[in-house]
Number of protein chains: 2
Amino acid sequence: MPEDCKVETALEILVGKWKPIILYQLFSQGTMRFSELQKALPDITKKMLTSQLRELEYHDIVHREIYLQIPPKVEYSITEYGMRMAPLLQAMNEWGMSHIEHLNELYGAEMQAKR
Amino acid sequence: MPEDCKVETALEILVGKWKPIILYQLFSQGTMRFSELQKALPDITKKMLTSQLRELEYHDIVHREIYLQIPPKVEYSITEYGMRMAPLLQAMNEWGMSHIEHLNELYGAEMQAKR
DNA sequence: ATCTAAGGTATCTTTTTGTATACTAGGTTT
DNA sequence: AAACCTAGTATACAAAAAGATACCTTAGAT
């Protein structure tokens with residue numbers, strides 16, 4: 001029965017134009033400040049960065065640590081629970097890489113993946 | 001390096017409001033006609049069903065078989081290549097189910113997953 | 001007095017997604 | 001002759017997501 005299909009739940013937390021790269025950064029760098037994330041993702045606006053981080057925080061994937069200082073300091077990191085997502089992300093990453101190859105075989109190497 | 005992160009490629013083919021359920025149907029039912037898919041997904045419009053199927057077809061996940069009859073008959077099925085996605089979909093499904101549980105523990109069982 | 005730093009909000013506009021409704025084709029049924 | 005069937009397409013519209021830009025806070029340095 002379709003109600004048992006929870007693929008969408010996984011998608012829900014991953015979808016959003018920037019979430020995968022944000023997670024990639026946090027997984028590989030460990031703890032990062034807001035401004036460090038901004039530097040790593042030059043094209044993201046503060047608004048987007050904030051909203052994506054808040055969604056990830058809601059889902060207990062990302063932890064937000066606020067230091068009461070001036071100027072402000074806020075650090076983001078993957079939660080312990082979030083770490084459990086690593087194998088899934090890796091599986092998706094691997095599938096993604098092989099799919100790009102597959103598309104190249106089908107349509108030629110000059111083409112980019114598109115929908 | 002972020003360019004090596006291909007999670008988004010996997011997302012690309014799964015994103016679209018109806019793709020996961022369409023795939024679920026085709027994986028579990030095998031071959032289905034356009035109208036059967038419509039019956040299984042009562043709230044989808046023809047336009048959406050068509051566009052989602054075409055995207056999946058482009059990615060070589062779904063095969064479209066046209067019978068030159070009147071009234072028309074078109075059958076959809078998962079390609080052999082598409083079958084290779086099954087483990088990933090299952091992994092996502094399982095993660096999704098456990099994540100719903102986790103959210104329930106955090107926020108209480110009455111709440112739905114949200115972003 | 002003014003400027004800077006850091007981590008945001010508030011507003012507004014644009015782009016992307018999704019929905020609603022009507023229409024098509026040619027043969028079959030009423 | 002009119003209506004129905006299937007698998008769509010065309011057009012118009014609404015809603016959601018993303019982007020651009022301006023503004024806020026507060027302590028210390030200039």
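Every chain is numbered from 1 and lettered A, B, ... according to where its sequence line falls, protein lines coming before strand lines.
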> Taking only residues two or more places apart in sequence, or in another chain, which ones meet A:Lys73 in a salt bridge (Lys or Arg N to Asp or Glu O under 4.0 Å)?
Replying inline: A:Glu75
> Where along residues 27-37 of chain A does a heavy atom come under 4.0 Å from DNA chain D, residue by residue in number order?
Replying inline: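 Nothing qualifies; none.
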> Has the side chain of A:Asn93 got a donor or acceptor atom that lies under 3.5 Å from a matching backbone atom of B:Lys6?
Replying inline: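 Confirmed, A:Asn93 side chain pairs with B:Lys6 backbone.
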Separation of [X] atom [atom1] from [N] atom [atom2], in whole Å?
{"X": "A:Ile22", "N": "D:dA18", "atom1": "CD1", "atom2": "P", "value": "11 Å"}
{"X": "A:Met48", "N": "C:dG7", "atom1": "CE", "atom2": "C1'", "value": "16 Å"}
{"X": "A:Glu57", "N": "C:dG8", "atom1": "CD", "atom2": "C1'", "value": "13 Å"}
{"X": "A:Glu12", "N": "D:dA17", "atom1": "CD", "atom2": "C1'", "value": "15 Å"}
{"X": "A:Trp18", "N": "D:dA18", "atom1": "CH2", "atom2": "C1'", "value": "10 Å"}
{"X": "B:Lys17", "N": "D:dA14", "atom1": "NZ", "atom2": "C1'", "value": "12 Å"}
{"X": "B:Leu68", "N": "C:dG27", "atom1": "CG", "atom2": "C1'", "value": "14 Å"}
{"X": "B:Arg54", "N": "C:dG18", "atom1": "CZ", "atom2": "C1'", "value": "18 Å"}

> Roughly how far, to the nearest 0.5 Å, is CD1 of A:Ile66 from CG of A:Leu68?
Replying inline: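 CD1 of A:Ile66 is found 7.5 Å from CG of A:Leu68.
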> Which angle, to the nearest 10 degrees, lies between the helix axes at the two ends of the helix from C:dA1-D:dT30 to C:dT30-D:dA1, each defined by five pairs?
Replying inline: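 End-to-end axis angle: 40°.
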> Hey, which of A:Val74, A:Leu37, A:Ile22 is the one that makes side-chain contact (heavy atoms from CB on, under 4.5 Å) with A:Met32?
Replying inline: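 In the set A:Val74, A:Leu37, A:Ile22, the residue that makes a side-chain contact (heavy atoms from CB on, under 4.5 Å) with A:Met32 is A:Leu37.
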According to side chain to side chain contact (heavy atoms under 4.5 Å, CB included), who are the partners of [X], at least two apart in sequence or on a separate chain?
{"X": "B:Thr50", "value": "B:Phe34, B:Arg54"}
{"X": "B:Ser51", "value": "B:Met48"}
{"X": "A:Glu105", "value": "A:Glu101, A:His102"}
{"X": "A:Val62", "value": "A:Leu23, A:Leu26, A:Leu53, A:Leu56, A:Tyr76, A:Ile78"}

>> Under the salt bridge (charged side-chain N to carboxylate O under 4.0 Å, His left out) definition, can you give me all pairs with a residue in residues 33-44 of chain B, not counting sequence neighbours?
In response: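 Counting only pairs at least two positions apart or across chains, no salt bridge (charged side-chain N to carboxylate O under 4.0 Å, His left out) contact touches residues 33-44 of chain B.
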> Taking the side chain of B:Tyr76 as its heavy atoms from C-beta onward, which of D:dG8, C:dT19, D:dA18 lies nearest to it?
Replying inline: D:dG8
Cut-off 3.5 Å, no hydrogens considered: what does the side-chain donor-acceptor table look like for residues 79-90 of chain A, sequence neighbours left out?
| from | atom 1 | to | atom 2 | distance (Å) |
| --- | --- | --- | --- | --- |
| A:Thr79 | OG1 | A:Asp60 | O | 2.6 |
| A:Thr79 | OG1 | A:Ile61 | O | 3.4 |
| A:Thr79 | OG1 | A:Tyr81 | N | 3.4 |
| A:Thr79 | OG1 | A:Gly82 | N | 2.7 |
| A:Tyr81 | OH | B:His99 | ND1 | 2.6 |
| A:Gln90 | NE2 | A:Glu94 | OE2 | 2.8 |

>> Just to verify, what does B:Glu65 make a side-chain hydrogen bond (donor to acceptor under 3.5 Å, both in side chains) with, not counting sequence neighbours?
In response: B:His63
> What one-letter contact string describes nucleotides 20-30 of chain D from 5' to 3', where B marks a base within less than 4.0 Å of any protein heavy atom, S marks contact via sugar-phosphate atoms alone, and - marks no contact?
Replying inline: B-----BS---
